[in-house]
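Here the structure comes first, spelled out in structure tokens, and everything after it is commentary.
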Amino acid sequence: MSTAHLTINLHALAQNWRALDAKTKVETGAVVKADGYGLGAGPVSSALAEEGVRKFFVAVAEEGAAVREAVGPEPMVAVFSGHMEGDTDLLRDHDLTPLINSPQQYKRHMEALPDHSFGIQLDSGMNRLGLEAADWAALRSEALALNPVVVMSHLACADDPDHSMNQQQLQRFREMTDGVQVPRSLAATGGTMLGPEFHFEFCRPGIGLYGGMPFAGAKPVVTVDLPVVQVREVAVGETVGYGNTWTARRPSRIATVAAGYADGLHRAIGGGIDTFAGDQPCPVVGRISMDLITVDVTDLPYDPDRLRILNGHQTVDDLAEAAGTIGYEILTSMGSRYSRGYVE
Ligand SMILES: *Cc1c(COP(=O)(O)O)cnc(C)c1O
């Protein structure tokens, strides 16, 4: 086997969903956009449906088909980007619920699929998706008479509990939805942690399910194993990798593993992270290249067959910090070259 291997622990995923669900008194859905945050929308969605999830969310209608297939006919599969031009067949054929973002989308939906379910997405200050207050005011009574399945909005700063934007958006959302009789939703993972006033009728976490911050109690869901291609002796003063950025200060053994930035192990991760042989850390040295990473295994008493870069000791957020990004991007960058295995 010469490709890196991703192991996705569906049991840990289910535990994370249950733990997030237990933080609230309300229903908990699941966001499975971007192919289930890179982990496989099909297996992830069916594991969550088995666990009892009844509301799924994707970014675009094309992603909804695989989720519908995985979860069966009952659960809601909702689309954040709403009803875009060309979406009508997908929405109808896979029974997807668009979250309407603009007066244009509302009109398109009512003309194309007048009897089909829909939800409403409101902009409460993030200025990314959703109806503006004035547009909502104009549509509100007509739209509500048609029984949307949800009225929702999204928080911009929920990963920072002390950010004043959270209360601002909460107040805005309340003003816009006061008296609304349909289910409301404001919280993703961050909002779920902010407390009951953010929960409304249901929460819809994503990243926390997959083991990422801001759910500090998350169980790791992904492990990544990198096959060792070769191991070599490197003498004092010799350098390793592009740009000669690492020089041996002692007689060293360097293992070259088969994965690189083309596999989402960003070049910016650089040094400062480890790979693991069992519990023993072996530091990454030199630059990460497209398909290869070099590792100092001098302190390991044997030549390993593979080294693990993501595990319970080193999480997606550790890699993200080293790369100057967020766990979301590490997960969703895990490319198609990995072989994948699922643990139930
Ligand atoms: C991505 C997304 C979520 C899930 O966010 P997490 O931070 O991953 O929990 C929820 N709602 C909307 C509108 C989103 O775009």
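Every number for a ligand or one of its atoms is a count from 1 in the order of the listing. The chain is numbered in sequence order, starting from 1.
No donor-acceptor distance shorter than 3.5 angstrom exists from the side chain of D274 to the backbone of P281, with no hydrogens or angles considered.
Protein heavy atom at the shortest distance from atom 8 (O) of ligand 1 is Y37 OH, 2.5 Å. If you check which protein heavy atom lies closest to atom 5 (O) of ligand 1, you get A188 CB, 3.3 Å. For atom 2 (C) of ligand 1, the closest heavy atom belonging to the protein is K33 NZ, 2.5 Å.
H163 is linked by a side chain to side chain donor-acceptor pair (under 3.5 Å) to nothing, counting only residues two or more places apart in sequence or in another chain.
When non-hydrogen atoms are compared, ligand 1 lies under 4.0 Å from the backbone of R204 as well as from its side chain. At a heavy-atom cutoff of 4.0 Å, ligand 1 is contacted by the side chain of V31 but not by its backbone. Residue contacts with ligand 1 for R128 involve side-chain atoms from C-beta outward but no N, CA, C or O (heavy atoms, distance under 4.0 Å). Residue contacts with ligand 1, taken as heavy atom pairs separated by less than 4.0 Å, involve Y328 solely via side-chain atoms from C-beta onward.
Between the choices L20, T189, L186, L209, the shortest heavy-atom distance to atom 9 (O) of ligand 1 belongs to T189.
In this structure, G190 has no heavy atom closer than 4.0 Å to ligand 1.
Shown in contact with P205 at under 4.0 Å from a heavy atom are these atoms of ligand 1, numbered in order with element: 9 (O).
Taking both residues in full, the closest heavy atoms of L99 and Q105 are given as O-OE1, 3.8 Å, listed atom of the first, atom of the second, then distance.
Criterion: ILVMFWY side-chain heavy atoms under 4.5 Å apart, direct or through other members. Under it, V149 and M152 are part of a common hydrophobic cluster.
Checked against the 6.0 Å centroid criterion, the rings of F173 and F200 qualify as a close aromatic pair. Ring centroids of Y261 and H266 are separated by 6.0 Å or more, keeping the two rings apart.
A cation-pi arrangement is found for K55 relative to F202, the charged atom lying closer than 6.0 Å to the ring centre and inside a 45° cone about the ring normal.
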